[in-house]
**Q** 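This is the structure, below, for whatever I ask next.
Atoms considered below: every heavy atom in the structure, side chains included; atoms not considered: hydrogens, waters and symmetry mates. Quick note on labels: first sequence line is chain A, next is B, and so on, each numbered from 1.
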Amino acid sequence: MTVRVRFAPSPTGYLHVGGGRTALYNWLFARHHGGVFVLRADDTDIERSTPEFQVDILESLEWLGIDWDEGIVVGGPHGTYRQTDRTARYRAVAADLVASGAAYYDGATPEQLEQIRVAAEAAETSPVYDGRYRLSAEEAAARLAAGNPPPVRLAVPRPGETRFVDVVRGEIVFGHDNVDDFVILRSDGTPIYHLASTVDDVDYGITHVIRGEDILPSTPKHILITQAMGAPCPQYAHLSLLNGPDGKKLSKRHGDTAIRAYRDAGYLPAAVRNFLAILGWSPGTDEEIVSLETMIARFELGAVSRNPAVFDLAKLEWMNGQYLRAMSAQEFSDLALPLVETDLGRELTADERGTVIAMAPLIQERAKRLTEVAPQVRFLLNDEVTIEPGSWDKVMTTAEAPIALAGAGAALEALAVWSVDAIEAALRGMLAAAGLSAGKGLQPVRVAITGSAVSPPLFESLAALGRERSLARLAAAAARLA
RNA sequence: GCCCCCAUCGUCCAGCGGCCUCGGACGCCGGCCUUUCAAGCCGGAAACACGGGUUCGAAUCCCGUUGGGGGCACCA
């Protein structure tokens, strides 16, 4: 039997890193087994679902390099793969379940339900609704006729239990004393998540349900529905959740949680994907940087960790740097150039493109994120340079600063050829003549030229800036000091 | 309150009864390199939550405790 898995996000928010990881694991599992990966839209929550979020989810998945064989956008043999288009199907299943006695129309009022909850609390037992207010066929028919339809609940066999083997956690048992007769169809005739999701899994022939641990407690409900439909149960695999640095569930409070935010922050999709893959799964070796091919070849659910994992931004940064350094200079500048233009607020001229491309490799070997490029080349793209106050205060207040600036200006002005080598020779000569250390003598020059104490290598920076602008900036800084 | 899951360095992962005085990575600390910042290289500190079992032998198996997480809607 070919493996069929699905990722079924509800478009009620941006795709977050946890969802991205779940999608990735599903995808890796499918690819590993030569199976089918289905993308579904679990959009039964009409109130909170928006097209904007739907688009974000699609774009984020694509960015991560996760494609799907069936589902929304690409289609497939099962319709639109949107739950809002399948209401009739869910109603039909609910009706079948009522007919077979597996479900029933319920007459409990909110007050009665609340009372049960309170009583359970007092008795220190599980707050489960056991169907005591279920409607008889006549009562249900009467309410239907009166235009006051009751909700449909699943009749959970009591006493009883549901047990299953979770692929990542092993055997799990839920006593039905702790599973209540849950609503599957609202009184307005729309399906509840448990029904819609389970019916889809059955109809779409899903063989493995790989999802977050937060739904582990709902699994008996899904199994019960599946059995009531007379269908075989899929295998379940519940992934542990992602936590923030404080061990609490990852949330906005901990920083960015949306995949999109990482793209915007200058991370590479391959790095994010690698990081997510390694976060809770190991290829079985000591490798940390794992190619896509290797991931697919080695991925198995049995090797997925049961521990909740803390999303470690520092490690992601390191990994992103590794990927940045691994790409060609061409690829790097292709990705960086557009960001530089956005930062600049205009397109680069052909000359400017040339200088940025020439400078890019120097930044590539030390950057952790793509967004670091623009600030590093900014000084090359404007006639004037804005000097960071902090950098100025740090290096220009020394006794050596005026000497270095003046000496550098004179030495460079005398240069016949404006090249990296010539510049280095001139400045080193100045250093020797003035008796200055490289650190003391060059930092003022750096700040004057680039506006910051942190910049690409100085000689290259001067060469790229050009003779005229370099000398002007040196003079301007010297004047400001005088 | 009830139910479920989890428990190895600060963090992630390896370990699936002896090969473990626990291995790798990030981070951290120190050193080298060095024009800044990085990168790179070298070295270091750093963990089997606790208590009972089982066994010749336990980080590995079982039970309990403690701690953490998740779930208990006509949300998903």
**Q** It should be established whether A:Arg186 places a side-chain nitrogen or oxygen under 4.0 Å from OP1 or OP2 of nucleotide B:A73.
**A**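 No, no such contact exists.
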**Q** Please state whether the base of B:C37 and the side chain of A:Arg366 form at least one donor-acceptor pair under 3.5 Å?
**A**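 When only heavy-atom distances are counted, A:Arg366 does reach the base of B:C37 through a donor-acceptor pair under 3.5 Å.
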**Q** Would you mind telling me which of B:G70, B:C12, B:C13 lies closest to the side-chain atoms of A:Val310?
**A**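 Closest nucleotide to the A:Val310 side chain: B:C12.
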**Q** If you check every side-chain atom of A:Asn307, which of B:C4, B:C13, B:C75 has the closest atom?
**A**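 Nearest to the side chain of A:Asn307 among the choices is B:C13.
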**Q** Considering just the side-chain nitrogens and oxygens of A:Ser305, establish if one lies under 4.0 Å of OP1 or OP2 belonging to B:C13.
**A**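 Checking B:C13 against A:Ser305, a side-chain N or O does come within under 4.0 Å of OP1 or OP2.
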**Q** Which is more 5' along RNA chain B, the nucleotide nearest A:Ser240 or the one nearest A:Pro456? Just name the residue.
**A**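 Mapping each residue to its closest nucleotide by heavy atoms, the 5'-most match is A:Ser240.
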**Q** Please give, in whole Å, the distance from B:A76 P to A:Tyr90 OH?
**A**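 Distance check: A:Tyr90 OH to B:A76 P gives 11 Å.
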**Q** Has A:Asn178 got a side-chain N or O lying under 4.0 Å from the OP1 or OP2 atom of B:C2?
**A**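 For B:C2, OP1/OP2 do not have a side-chain N/O of A:Asn178 under 4.0 Å.
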**Q** In the strands shown, is B:G40 matched to any nucleotide by a Watson-Crick or G-U wobble pair with both distances under 3.5 Å, and which?
**A**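 Partner of B:G40: B:C32.
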**Q** For A:Arg369 and B:A38, is the shortest distance between a side-chain N/O and OP1 or OP2 below 4.0 Å?
**A**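 False: A:Arg369 side-chain N/O out of range (4.0 Å or more) of B:A38 OP1/OP2.
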**Q** Among A:Phe7, A:Tyr236, A:Phe29, which residue meets the side chain to side chain contact (heavy atoms under 4.5 Å, CB included) test with A:Ile210?
**A**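 For A:Ile210, the side chain to side chain contact (heavy atoms under 4.5 Å, CB included) check succeeds only for A:Phe29.
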**Q** When we call it a touch if two heavy atoms are under 4.0 Å apart, what does A:Leu458 touch: a base, just sugar-phosphate, or nothing?
**A**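 Base contact.
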**Q** Which nucleotide in the list B:U36, B:G69, B:G27 gets nearest to the side chain of A:Pro457?
**A**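 Closest nucleotide to the A:Pro457 side chain: B:U36.
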**Q** Rounded to whole angstrom, note down the P distance from B:C75 over to B:U66.
**A**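 Nearest-Å result for B:C75 against B:U66 at atom P: 36 Å.
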**Q** Name the closest nucleotide to the A:Pro127 side chain, picking from B:C75, B:C2, B:G27.
**A**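 Minimum distance to the A:Pro127 side chain belongs to B:C2.
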**Q** Using whole Å, report how far CZ of A:Arg306 lies from C1' of B:U60.
**A**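 Rounded to the whole Å, the gap is 12 Å.
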**Q** By nearest atom, which of the nucleotides B:U35, B:C2, B:C74 is closest to the A:Ser187 side chain?
**A**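 Within the option list, the nearest is B:C74.
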**Q** From B:C26, B:G70, B:A76, pick the nucleotide closest to the side chain of A:Lys315?
**A**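 The answer is B:C26, which lies nearest to the side chain.
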**Q** Counting N and O atoms only, with roles assigned by atom type, does the side chain of A:Trp418 sit under 3.5 Å from a partner on the main chain of A:Leu462, one being a donor and the other an acceptor?
**A**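 Indeed, once roles are kept as given, a pair shorter than 3.5 Å links the two residues.
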**Q** Want to settle it: does A:Ala314 or A:Ala303 sit nearer the 5' end of RNA chain B, counting the closest nucleotide to each?
**A**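 Nearest nucleotide further toward 5': that of A:Ala303.
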**Q** Over how many whole Å does the gap from A:Phe459 atom CZ to B:U35 atom C1' extend?
**A**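 My rounded result for the distance is 5 Å.
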**Q** Could you check which of B:A76, B:C26, B:A38 has an atom nearest any side-chain atom of A:Glu365?
**A**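 For the A:Glu365 side chain, the nearest candidate turns out to be B:A38.
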**Q** Under a 3.5 Å limit for both distances, which nucleotide forms a Watson-Crick or G-U wobble pair with B:G1, could you say?
**A**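 Answer to the pairing question: B:C72, which forms a Watson-Crick or G-U pair with B:G1.
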**Q** Please determine whether a side-chain nitrogen or oxygen atom of A:Thr44 lies at a distance below 4.0 Å from atom OP1 or OP2 of B:A76.
**A**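 True: A:Thr44 side-chain N/O within range (under 4.0 Å) of B:A76 OP1/OP2.
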**Q** Of all the choices, B:A39, B:C12, B:C2, which nucleotide is nearest to the side chain of A:Arg325 once you look at every atom?
**A**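 Nearest listed nucleotide: B:A39.
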**Q** Considering just the side-chain nitrogens and oxygens of A:Lys368, establish if one lies under 4.0 Å of OP1 or OP2 belonging to B:A39.
**A**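 Affirmative; the distance criterion is met.
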**Q** To the nearest angstrom, how far is A:Glu388 atom CD from B:U36 atom P?
**A**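 Rounded to whole Å, this separation is 17 Å.
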**Q** Does the side chain of A:Gln83 pick up a donor-acceptor pair with the side chain of A:Tyr193 at under 3.5 Å?
**A**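 Note: A:Gln83 and A:Tyr193 side chains miss the donor-acceptor criterion.
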**Q** It should be established whether A:Arg153 places a side-chain nitrogen or oxygen under 4.0 Å from OP1 or OP2 of nucleotide B:C74.
**A**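 Yes, A:Arg153 has a side-chain N/O under 4.0 Å of OP1/OP2 on B:C74.
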**Q** Tell me if a side-chain donor or acceptor on A:Ser333 pairs with a main-chain N or O of A:Gln330 at a distance below 3.5 Å.
**A**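 Present.
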**Q** Out of A:Tyr267, A:Tyr262, A:Trp281, A:Phe311, which residue meets the ring pair (Phe, Tyr, Trp, His ring centres under 6.0 Å) rule with A:Phe275?
**A**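 Considering A:Tyr267, A:Tyr262, A:Trp281, A:Phe311, a ring pair (Phe, Tyr, Trp, His ring centres under 6.0 Å) with A:Phe275 is found only for A:Phe311.
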**Q** How many whole angstroms separate atom CD of A:Glu460 from atom C1' of B:U35?
**A**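 In whole Å, B:U35 C1' lies 10 Å from A:Glu460 CD.
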**Q** Spell out, as yes or no, whether a donor-acceptor pair under 3.5 Å connects the side chain of A:His32 to the backbone of A:Ile296.
**A**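 Yes; at least one donor-acceptor contact below 3.5 Å.
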**Q** Would one find a side-chain N or O of A:Arg428 under 4.0 angstrom from OP1 or OP2 of B:U35?
**A**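 Checking A:Arg428 against B:U35: at least one side-chain N or O falls below 4.0 Å of OP1 or OP2.
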**Q** Rounded to whole angstroms, how far apart are CZ on A:Arg134 and P on B:C74?
**A**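 Answer to the nearest Å: 17 Å.
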**Q** Distance only, no hydrogens: is a donor on one side chain within 3.5 Å (strictly under) of an acceptor on the other, for A:Ser126 and A:Asn178?
**A**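 A pair is found: one side chain offers a donor N or O, the other an acceptor, under 3.5 Å apart.
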**Q** Roughly how many Å is it from CZ in A:Arg169 to P in B:G69, rounded to a whole number?
**A**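 Value for this atom pair: 15 Å.
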**Q** Whole Å only: how far is the CZ atom of A:Phe311 from the P atom of B:C13?
**A**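 So the CZ-P distance, A:Phe311 to B:C13, works out to 14 Å.
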**Q** I'd like the C1' distance from B:C72 over to B:G51, given in whole Å.
**A**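 The same atom, C1', in both gives a distance of 31 Å.
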**Q** Hey, does the side chain of A:Gln322 come within less than 4.0 Å of B:G40's phosphate (OP1/OP2), counting only N and O?
**A**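 Answer is yes, contact under 4.0 Å.
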**Q** Say you pick atom C1' in B:A14 and the same atom in B:U55; how far apart are they, in whole Å?
**A**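 One C1' to the other, the span is 25 Å.
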**Q** P atom, B:C5 versus B:C62: distance in rounded Å?
**A**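 Taking atom P in both B:C5 and B:C62, they lie 13 Å apart.
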**Q** Are A:Asp188 and A:Thr190 linked by a side-chain donor-acceptor pair shorter than 3.5 Å?
**A**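 On atom types as modelled, these side chains qualify, holding a pair under 3.5 Å.
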**Q** Has the side chain of A:Glu288 got a donor or acceptor atom sitting under 3.5 Å from an opposite partner on the base of B:G24?
**A**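 Counting by modelled atom types and ignoring angles, a donor-acceptor contact under 3.5 Å is found here.
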